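What follows is a set of notes on a single structure, which appears directly below.
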Amino acid sequence: MAMHSSRERPTPPGPDGVPLLGNTHELARDTLGFYERVTAEYGDVVGISVGGDEGAIVTHPEYVERILVRDDDRYVKGGLIEDQLGDTFGNGMFMAAGEQWRTQRQVAQPAFYRERILEYGETVVDHAADVGWPHASVVDLTDELSALTLSVLTDALFGFDADADEAVVREAASAIGAKLDPSAPTAFLPTWVPTPRNLRFTRHISQLRERVDSRIADRRRQDPDQRGDDLLSLLVAATANGELDDQTLRDDMITFLFAGHETTSLGLTYALFLLATHPDEQRRLQAELDATIDGDRPTIDDLPALEFTDRVIDEALRLYPPVFTFFREPVEDVELGGYRLPAGTTISVPQWIVHRDERWWESPETFDPDRWTDDRDSERPEYAFYPFGGGPRHCIGMRLARLELRLALATLCSTYRFEAVTTDLDLATAANLRPAGPLEVRVRRR
Ligand code: HEM
């Protein structure tokens, strides 16, 4: 039988859209609902149209693996990402391509080696032990944990004290979030159009750039022998020997501040929310902690014994993946699931759908940490779960994030008991999957 060339294959089926705008409006109004509806109706490869451009949603783990791993050289991050995040991340590691990306990844890699990551354990526990929530107080998890993960990140990777920079970074984060909110009527306008959102974004990003420049200058003034080997020192050294230019150094700092801060904080927020709303599972976790650390500070040596803690984290990342989708664009026509996707199609690979697909997950909506026990975990395709992406562009901070999530959860749950105040979780989709409003819990010292 003759093989069909990809040119003869049909393009994928999908919902009809409004002329010109396509599915943009529907997608913006209820992003997650739109993904759910169209993948339920049209299957693993859905054709959509966003802002007049061709798009697709791909949700079979085998195709996800092909895009990210096996055929990764046929895909780039693409125009949509460039339009949405280019103004923030410049040519930093998240955005860069080809040799420029490879150099940045190689320069930063030693800060993320396994042995190096283990050294950050104490920093995580120091900051988590320091949250100082009064007994019986109500706290907004999103806010509190965002401050916590920011201090861990700046302390561990950049060696500076987050307190001085917290306001600048968090205001910039909020301005970026507002700019990327797809439900805003002005969401798709370029940054130079002077909407209030864009003006606010430009003001906060330039304040952040100034602050980052001054931190870089501080480090350069230090005696090279005293600089240590944190990420900032690695980047500064790479500009001195010509591997990176100054602009890329600044873009990388901003990339790491954002890629590493809100994602980790959301992972921790959802894990604690799930524990607060599932008291039995919280008691199991606390029993594991009492048996292992018995009120002491956890250390990296305790991690192998904290099996249930680890399962809670995987289950939280499955149900509420902080990165709920990301995008790729094929550089040539490709074939997936019998359909042709032309070069330049914006392909979304949404964890939100794949992590909740009944074909791979029994009762997918249920918080069930025990689904991660070895016997139940082995049957699933590898890319039914990819909170950190995959292939060469997988998250460079994955080990750090996992270490931080485990140690911070262990420290907080051995100190406090969490009672749900907010019981219904409304979600908002901007750059990351965020709670739409405050996510409150009552904390009691144990
Ligand atoms: C729970 C926490 C985190 C989640 C869910 C997460 C998720 C992801 C995902 C899905 C990607 C791939 C995006 C794509 O392929 O388009 C990614 C890339 C990246 N992440 Fe993370 N991340 C987390 C924590 C961190 C941390 C702690 C850091 C740094 C300290 C970090 C830095 C980065 C960078 C620099 C990239 C781009 C890598 C490249 O393109 O080579 N992330 N992350």
Side-chain angles (χ1 to χ4, degrees), residues 64-65 67-69 72 75-78 80-82 84-85 88-109 111-113 116-117 120 123-124 145-146 148-158 230-232 234-235 248 251-271 313-314 316-329 346-352 354-355 383 385-409 431-434:
V64 174
E65 181 166 10
I67 294 172
L68 296 182
V69 190
D72 86 282
Y75 296 87
V76 291
K77 291 223 165 178
L80 181 76
I81 287 299
E82 179 62 44
Q84 297 219 325
L85 298 176
T88 306
F89 291 156
N91 198 29
M93 189 190 299
F94 195 91
M95 303 295 303
E99 268 316 300
Q100 281 191 319
W101 164 75
R102 207 176 312 280
T103 307
Q104 291 180 53
R105 185 117 184 168
Q106 275 162 4
V107 165
Q109 200 65 60
F112 296 94
Y113 286 155
R116 191 75 181 79
I117 293 295
Y120 303 142
T123 311
V124 174
L145 298 173
S146 169
L148 169 61
T149 57
L150 181 62
S151 14
V152 171
L153 189 78
T154 49
D155 193 347
L157 297 184
F158 301 138
D230 66 9
L231 178 62
L232 177 54
L234 294 176
L235 297 174
T248 309
D251 289 344
D252 266 340
M253 293 268 296
I254 291 179
T255 298
F256 279 102
L257 278 173
F258 289 108
H261 155 216
E262 189 177 79
T263 45
T264 314
S265 135
L266 289 170
L268 201 49
T269 297
Y270 294 130
I313 286 162
D314 275 338
L317 292 171
R318 180 187 73 82
L319 273 170
Y320 300 109
V323 176
F324 68 98
T325 188
F326 52 88
F327 301 92
R328 288 292 187 275
E329 222 180 78
T346 298
I347 302 178
S348 165
V349 275
Q351 288 93 331
W352 177 260
V354 182
H355 287 188
Y383 279 81
F385 181 65
Y386 54 103
F388 295 98
R393 302 298 295 247
H394 76 274
C395 177
I396 195 173
M398 177 177 81
R399 279 210 197 101
L400 170 59
R402 285 192 160 279
L403 178 94
E404 181 170 352
L405 290 171
R406 282 179 293 169
L407 285 175
L409 198 65
N432 294 317
L433 184 70
R434 309 197 58 199

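These figures come from a predicted structure and were not determined experimentally. All ligand and atom numbering here is 1-based and tracks the order in the structure.
Atoms of ligand 1 found under 4.0 Å from any heavy atom of Pro387, numbered from 1 in the order shown, are 5 (C), 7 (C), 10 (C). Those atoms of ligand 1 that come under 4.0 Å of a heavy atom in Thr264, given as number and element, are 1 (C), 2 (C), 24 (C), 27 (C). Shown in contact with Leu153 at under 4.0 Å from a heavy atom are these atoms of ligand 1, numbered in order with element: 30 (C). Atom numbering of ligand 1 starts at 1 in the shown order; those under 4.0 Å from a heavy atom of Phe94 are 13 (C), 18 (C), 36 (C), 37 (C).
Of the candidates Arg105, Glu404, Arg402, Arg102, Arg105 brings a heavy atom nearest to atom 38 (C) of ligand 1. Considering Arg393, Arg328, Gln104 only, the shortest heavy-atom separation from atom 16 (O) of ligand 1 involves Arg328.
Side-chain contact check for Leu148 versus Leu268: some heavy-atom pair is nearer than 4.5 Å. Annotation: side chain of Asp230 is not in contact with side chain of Tyr120 (no heavy-atom distance under 4.5 Å). Using a 4.5 Å heavy-atom cutoff, the side chains of Lys77 and Glu329 are not in contact.
Side-chain atoms of Tyr386 come within 3.5 Å of backbone atoms of Val349 as a donor-acceptor pair (strictly under, hydrogens ignored). Remark: side-chain polar atoms of Gln104 are paired, donor with acceptor, to backbone N or O of Asn91 under 3.5 angstrom. Using a distance-only test at 3.5 Å, with no hydrogens or angles considered, a donor-acceptor pair links the side chain of His261 to the main chain of Ser146.
Summarising the geometry, atom CG belonging to Leu153 is positioned 11.0 Å from atom OG1 belonging to Thr123; distances are rounded to the nearest 0.5 Å.
Atoms of the protein (N, O or S only) found under 2.8 Å from atom 21 (Fe) of ligand 1 are Cys395 SG.
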Can you list, pair by pair, the side-chain donor-acceptor contacts under 3.5 Å of residues 389-402, counting residues two or more places apart and other chains?
| unit_1 | atom_1 | unit_2 | atom_2 | d |
| --- | --- | --- | --- | --- |
| Arg393 | NH1 | Ala96 | O | 2.9 |
| Arg393 | NH2 | Met93 | O | 2.8 |
| Arg393 | NH2 | Phe94 | O | 3.1 |
| Arg393 | NH2 | Ala96 | O | 3.0 |
| His394 | ND1 | Gly391 | O | 2.9 |
| His394 | NE2 | Arg105 | NH2 | 3.4 |
| Arg402 | NH1 | Asp314 | OD1 | 3.3 |
| Arg402 | NH2 | Asp314 | OD1 | 2.7 |

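Here Leu68 has no heavy atoms under 4.0 Å from ligand 1, in either its backbone or its side chain. With a heavy-atom cut-off of 4.0 Å, Tyr386 does not touch ligand 1 at all. Of the heavy atoms in Phe256, only side-chain atoms (C-beta onward) come closer than 4.0 Å to ligand 1. For Leu157, every heavy-atom contact with ligand 1 shorter than 4.0 Å involves the side chain, none the backbone.
Residue Thr255 has no N or O atom closer than 3.5 Å to an N or O atom of ligand 1. At least one N or O atom of Trp101, backbone or side chain, sits closer than 3.5 Å to an N or O atom of ligand 1.
Heavy atoms only, all atoms of each residue included: Ala316 and Gly267 are closest at CB-O, 4.5 Å. The nearest pair of heavy atoms linking Thr263 to Ala259 is OG1-O, 2.6 Å. Here the closest heavy-atom approach between residue Phe158 and residue Met253 is recorded as CE2-SD, 3.6 Å.
Using modelled atom types, one finds a donor on one side chain and an acceptor on the other under 3.5 Å when comparing Thr325 with Ser348.
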